[in-house]
Amino acid sequence: MSRPVFKRVLLKLSGESLMGDQQFGIDPKMLVLYANQVKELVDEGVEVAIVIGGGNIFRGLQASGAGIERVTGDYMGMMATVINGMAIQSAFEKAGLFTRLISAIEMKAIAEPYIRRKAIRHLEKGRVVIFSAGTGSPYFTTDSAAALRANEICADVILKGTRVDGIYSADPEKDPSATKFDKISFSKVISLGLNVMDMTAFTLCKENNLPIIVFDINKKENLMRIIRGENVGTLVEV
Ligand code: GTP
């Protein structure tokens with residue numbers, strides 16, 4: 001294969017992407033699917049960090065509607081991401097990858113605390129670094145954690161795995177005339193009011209010129225195609 005176009009990537013996986021066809025929780029098939037795809041990347045020499053969401057187990061914002069205080073709900077969501085991180089670690093190691101699970105909230109018995117330089121060292125040694133517990137602070141999403149960590153570890157790109165194949169001019173399920181962008185600038189996303197990530201996360205990427213590729217994570221070959229430089233999903237850049 002030609003040289004990968006990205007040396008270090010941050011893959012953002014939503015909690016929902018672990019559910020598969022289930023309504024809740026973790027589908028082991030999905031873990032195997034992602035493990036195999038990430039292994040292909042690592043085998044090509046790409047350094048991979050992952051930020052995992054928690055929405056398949058717990059959604060902080062919805063809980064606040066159900067009487068749980070917002071901040072508490074956010075922390076419960078962060079715990080959910082640690083559970084997902086442990087599942088990913090286990091599945092990835094079964095697939096033959098070396099991994100390190102890191103938690104933004106200290107939980108030394110199950111995950112390493114976050115130390116930026118140590119995380120970078122793990123990546124340099126070919127280990128997949130799994131960032132869990134979001135940013136460690138309430139009021140932030142795991143998209144913000146992805147933007148923050150990607151900048152901190154000097155990732156070349158954020159790969160945002162979703163269930164749609166890119167960014168559309170409107171919701172394709174509601175508007176049949178919606179068209180997909182192959183490429184779009186940060187400012188156009190804002191002026192068109194498109195929803196790529198929450199604004200905090202998006203602004204952090206924009207201000208630091210960190211490109212984002214939104215793509216369909218459930219198409220098996222997509223990650224490798226992106227790494228080969230093929231036009232997959234939508235690229236957001238300056
Ligand atoms: P280098 O030796 O620097 O290459 O990195 P390393 O991660 O192999 O070294 P270390 O001796 O720090 O870690 C050995 C194992 O212990 C790894 O599986 C780490 O993930 C794990 N580990 C390190 N620190 C912690 C911690 O604070 N909590 C938990 N639960 N595990 C840790």
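One is the number of the first residue; the rest follow in order along the sequence. For the numbers below, each heavy atom of this structure counts, side chains included, while hydrogens, waters and symmetry mates do not. Numbering of ligands and ligand atoms starts at 1, following listing order.
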Kindly write out the residues that satisfy side chain to side chain donor-acceptor pair (under 3.5 Å) with N208, not counting sequence neighbours, or none if the list is empty. none

Sort out the contact shell of ligand 1: every protein residue with a heavy-atom distance below 4.0 Å, listed by chain and number. R100, K108, A109, I110, A111, E112, P113, K118, H122, K125, R127

Suppose clustering is done on Ile, Leu, Val, Met, Phe, Trp and Tyr with side-chain heavy atoms closer than 4.5 Å. Which residues sit in the same group as L148? L204

Can a salt bridge be assigned to the pair E16 and R163 using a cut-off of 4.0 Å between side-chain N and carboxylate O? no

Can you tell me which residue pairs pass the ring pair (Phe, Tyr, Trp, His ring centres under 6.0 Å) test with a partner in residues 183-211, sequence neighbours excluded? F186-F202

My understanding is that only one of R121, R127, K7, K125 makes a salt bridge (charged side-chain N to carboxylate O under 4.0 Å, His left out) with E47; could you say which? K7

Should the pair R228-E221 be classified as a salt bridge under the 4.0 Å nitrogen-to-oxygen rule? no

